[in-house]
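Below is one structure, written out as structure tokens; the observations come after it.
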Amino acid sequence: MPRPASVTRASLPPQPSFPGANATRPPGARPPVDSVQGRRERLVRDLAARGLQDLAVLDALRTVPRDAFVDPALASRAYDDTALPIGHEQTISQPFTVGRMLELMRQGRPPGQRLARVLEVGTGCGYQAAVLGQIADMVFSIERIRALHELARSNLRPLRLANVRLHFGDGRVGLPHEGPFDGIVVAAAGFELPQELLDQLRVGGRLVAPVARGDGRQRLVVIDRTGRADWQRAEADDVHFVPLRSGTT
Ligand code: SAH
């Protein structure tokens with residue numbers, strides 16, 4: 001099993017967020033716990049307490065406003081550590097799961113070391129793509145449901161993340177013209193991992209994906225490309241994702 005990031009857990013100082021988030025707060029002062037920023041910081045502290053250790057990932061989760069990616073009617077639950085519906089029978093992933101997958105994908109890099117190019121399969125509402133945008137130089141994310149691709153586009157626009165590119169299509173074939181990728185993260189569970197995705201991994205790169213099993217359960221699978229024709233597979237946590245489907249709609 002790959003070791004999770006070996007960064008020591010530290011107390012989590014308040015971080016600057018998107019422009020204006022801290023504008024009225026004196027430097028160093030904690031936000032009120034019922035403010036959006038306060039709820040986000042409390043969620044991140046809970047995720048660290050549950051075992052997320054990679055400070056780069058925790059910072060990324062602290063920076064991205066999850067409330068901007070859920071329906072306004074669900075805004076009060078945006079900082080609960082749960083998946084929430086986003087329409088079209090899909091969900092925004094649970095924050096712990098997003099953090100866990102990205103921690104695994106970073107392979108224990110030091111907090112300041114960004115991944116160069118990453119691919120996400122299953123943009124959904126765009127939340128994880130925004131989080132990836134904090135830890136990678138370039139993020140490519142692909143979604144097969146056009147309405148969700150458009151939703152993600154409008155959710156991401158105000159955040160002005162110039163390094164996040166959205167594509168509409170079947171993510172099982174990846175984006176061969178944009179690869180190879182240092183990291184690939186799949187946000188929907190198939191019964192097998194498409195060879196196209198494994199081929200688009202850079203040697204030394206890592207793919208993290210949920211894989212469905214015959215008994216109805218799913219397991220996070222971590223694949224390292226160790227050579228031109230060599231991949232190593234390890235299994236991590238039990239998870240629960242929506243299904244990886246073929247084609248577009
Ligand atoms: N990344 C999202 C999670 C979205 S849920 C987040 O930030 O919370 C998973 C998404 O994968 C759904 O939107 C679903 O439509 C999409 N999906 C399923 N199969 C796919 C495929 N073959 N190609 C691209 N997207 C796919």
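These numbers were taken from a predicted model, which means no experiment stands behind them. Indexing begins at 1, ligand by ligand and atom by atom, following the structure's order.
Residue I92 places no N or O, backbone or side chain, under 3.5 Å from any N or O of ligand 1. The shortest N or O to N or O distance between S246 and ligand 1 is not below 3.5 Å. Polar contact check, V242 against ligand 1: no nitrogen or oxygen pair lies under 3.5 Å apart.
By the salt bridge (charged side-chain N to carboxylate O under 4.0 Å, His left out) test, R172 pairs with D170, sequence neighbours left out.
Cation-pi check for R50 over F96 is met; the charged atom lies under 6.0 angstrom from the ring centroid and within 45 degrees of its normal. A cation-pi contact, defined as under 6.0 Å to the ring centre and within 45° of the axis, links R66 to Y127.
Judged by distance alone, the side chains of Q37 and E41 do bring a donor and an acceptor atom under 3.5 Å apart. Between the side chains of Q53 and E103, not a single donor N or O lies within less than 3.5 Å of an accepting N or O. Side-chain contact, D81 with Q94: a donor N or O sits under 3.5 Å from an acceptor N or O.
Applying the side chain to side chain contact (heavy atoms under 4.5 Å, CB included) test between M101 and each of V186, V131, V208 identifies V208 as the sole match. Remark: of the listed residues V139, T123, I142, T123 is the sole one forming a side chain to side chain contact (heavy atoms under 4.5 Å, CB included) with L166. The only member of R219, R100, Q218 that meets side-chain hydrogen bond (donor to acceptor under 3.5 Å, both in side chains) when paired with D237 is R100.
Of the charged side-chain nitrogens involved, none lies within less than 4.0 Å of a carboxylate oxygen, so that D137 and R117 do not count as a salt-bridged pair. Ion pairing between a basic and an acidic side chain is recognised when a charged N comes within 4.0 Å of a carboxylate O; R217 and D238 show such pairing. The pair R39-D67 does not meet the salt-bridge criterion, since no charged nitrogen lies less than 4.0 angstrom from a carboxylate oxygen.
Residues F181 and L244 are members of one and the same hydrophobic cluster, defined by side-chain heavy-atom contacts under 4.5 angstrom among Ile, Leu, Val, Met, Phe, Trp and Tyr.
Summary of contacts: the protein heavy atom closest to atom 25 (N) of ligand 1 is R144 N, 3.3 Å. When hydrogens are left out, the protein atom nearest atom 2 (C) of ligand 1 is T123 O, 3.4 Å; that is the closest non-hydrogen contact. Taking atom 23 (N) of ligand 1 as the reference point, the nearest protein heavy-atom neighbour is G171 N, 2.7 Å. Regarding atom 19 (N) of ligand 1, its nearest protein heavy-atom neighbour is R245 N, 3.0 Å. Nearest non-hydrogen protein atom to atom 15 (O) of ligand 1 is E143 OE2, 2.7 Å. The nearest heavy-atom contact from the protein to atom 14 (C) of ligand 1 is Q90 OE1, 3.4 Å.
Under 4.0 angstrom from ligand 1, the non-hydrogen atoms of P243 all belong to its backbone. Residue contacts with ligand 1, taken as heavy atom pairs separated by less than 4.0 Å, involve A187 via backbone and side-chain atoms alike. Counting heavy atoms closer than 4.0 Å to ligand 1, residue H88 contributes nothing at all. At a heavy-atom cutoff of 4.0 Å, ligand 1 is contacted by no atom of I86, backbone or side chain.
Ligand-side atoms of ligand 1 in range of Y127: 7 (O), range being under 4.0 angstrom from any heavy atom. Set against the non-hydrogen atoms of G169, the atoms of ligand 1 under 4.0 Å away are 23 (N), 24 (C). Below 4.0 Å from some heavy atom of E120 lie the following atoms of ligand 1, by number and element: 1 (N). Proximity to I145 (heavy-atom distance under 4.0 Å) selects the following atoms of ligand 1: 15 (O). Close approach of ligand 1 to Q128 is summarised as follows: ligand atoms under 4.0 Å from at least one heavy atom of the residue are 1 (N), 6 (C), 7 (O). The D170 neighbourhood of ligand 1 comprises atoms 21 (C), 22 (N), 23 (N), with distances under 4.0 Å to a heavy atom of that residue. The contact set between ligand 1 and L148, taken as ligand atoms under 4.0 Å from a residue heavy atom, comprises 13 (O). Atoms of ligand 1 found under 4.0 Å from any heavy atom of A188, numbered from 1 in the order shown, are 11 (O), 18 (C).
Annotation for E150: atom CD counts as buried by contact number, over 12 foreign heavy atoms lying within 6.0 Å.
With distances taken over non-hydrogen atoms, the option nearest atom 5 (S) of ligand 1 out of V131, T97, I142, T91 is T91. When the heavy atoms of G122, S93, A83 are ranked by distance to atom 10 (C) of ligand 1, first place goes to G122.
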